Visitor: 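Structure provided below as structure tokens; questions to follow.
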Amino acid sequence: MHLYHVRMDVAIPRDLDEAVRTDIVAREKKYSQELQRAGKWLHIWRIVGQYSNISVFAVDSPAELHEILWNLPLFPYMTIEILPLTTHPSAVGAAS
């Protein structure tokens, strides 16, 4: 299992048709909640004052994360920063 810290900044064009925007946002919510229920999208936090989030994904491979992100309905409007995570040796419960 691979863990990733992912920051997603969303910039939907202001002139995007409202019906299209509403549909994309609804599909994004549905897809993200399916991934959360499946245990792939472990955490999601809103960044206060921005249309952005910090998320943690647990996936089997970098390719799986790539596929998940590319399938986000809002992906065309996102800037994404990905940081791979691993256990810190000072963490309580870390393998000695």
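Given the structure is predicted, the values throughout are model-derived calculations rather than measurements.
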Visitor: How close do Met8 and Ser55 get, heavy atom to heavy atom, and via which atoms?
Guide: CE-OG, 3.7 Å
Visitor: When you measure from the side chain of Glu67 to the backbone N and O of Ala63, does any donor-acceptor pair fall under 3.5 Å?
Guide: no
Visitor: Give the intermediate values and the outcome of side chain to side chain contact (heavy atoms under 4.5 Å, CB included) for residues Tyr4 and Leu83.
Guide: CA-CA 6 Å; Tyr4 292 91; Leu83 299 170; over 6 Å; no
Visitor: Would a 4.5 Å heavy-atom cut-off, applied to side chains only, mark Ile82 and His5 as touching?
Guide: no
Visitor: Decide side chain to side chain contact (heavy atoms under 4.5 Å, CB included) for Glu81 and Val6; before the verdict, give the C-alpha distance in whole Å, the side-chain angles of both, and the deciding distance to 0.1 Å.
Guide: CA-CA 6 Å; Glu81 179 183 330; Val6 179; over 6 Å; no
Visitor: Should Ile80 and Arg7 count as side-chain neighbours, where that means a heavy-atom distance under 4.5 Å?
Guide: no
Visitor: Where do Phe75 and Leu69 come nearest, in terms of heavy atoms and distance?
Guide: CD1-O, 3.2 Å
Visitor: Determine, for Glu34 against Lys40, whether the closest basic-nitrogen to carboxylate-oxygen distance falls under 4.0 angstrom.
Guide: no
Visitor: Please determine whether residues Leu42 and Leu35 belong to a single hydrophobic cluster, defined as Ile, Leu, Val, Met, Phe, Trp and Tyr linked transitively by side-chain heavy-atom distances below 4.5 Å.
Guide: no
Visitor: Could you give me the CA-CA distance, side-chain angles and deciding distance for Ile12 and Val25, then say whether side chain to side chain contact (heavy atoms under 4.5 Å, CB included) is met?
Guide: CA-CA 10 Å; Ile12 299 174; Val25 170; 4.3 Å; yes
Visitor: Kindly assign one of parallel, tilted or perpendicular to the pair Trp70 and His66, based on the angle between their ring planes and the thresholds 30° and 60°.
Guide: tilted
Visitor: Can you check side chain to side chain contact (heavy atoms under 4.5 Å, CB included) on Tyr31 and Leu72, steps first, answer last?
Guide: CA-CA 7 Å; Tyr31 180 59; Leu72 289 168; 3.6 Å; yes
Visitor: Within the 3.5 Å criterion, strictly below it, is a donor on Ser52 or Asp9 matched to an acceptor on the partner's side chain?
Guide: yes
Visitor: Start with the C-alpha distance between Arg21 and Asp17, add both sets of side-chain angles, then the distance that settles salt bridge (Lys or Arg N to Asp or Glu O under 4.0 Å), and finish with yes or no.
Guide: CA-CA 6 Å; Arg21 177 189 176 103; Asp17 180 87; over 6 Å; no
Visitor: Taking Glu28 for the side chain and Leu74 for the main chain, is one N or O donor matched with an acceptor at less than 3.5 Å?
Guide: yes
Visitor: Under a 4.5 Å cut-off applied to non-hydrogen side-chain atoms, are Thr86 and Leu3 in contact?
Guide: no
Visitor: With heavy-atom distances below 4.5 Å as the criterion, would you say the side chains of His2 and Pro84 are in contact?
Guide: no
Visitor: For residues Ile24 and Leu16, determine if any side-chain heavy atom of one lies less than 4.5 Å from a side-chain heavy atom of the other.
Guide: yes
Visitor: Mark yes or no for whether Trp45, through its side chain, and Ile47, through its backbone, hold a donor-acceptor pair below 3.5 Å.
Guide: no
Visitor: Is there a continuous path of hydrophobic side-chain contacts, each under 4.5 Å between heavy atoms, that joins Leu85 to Val59?
Guide: no
Visitor: Nearest 0.5 Å please: distance from the CZ atom of Phe57 over to the NE2 atom of His43.
Guide: 11.5 Å
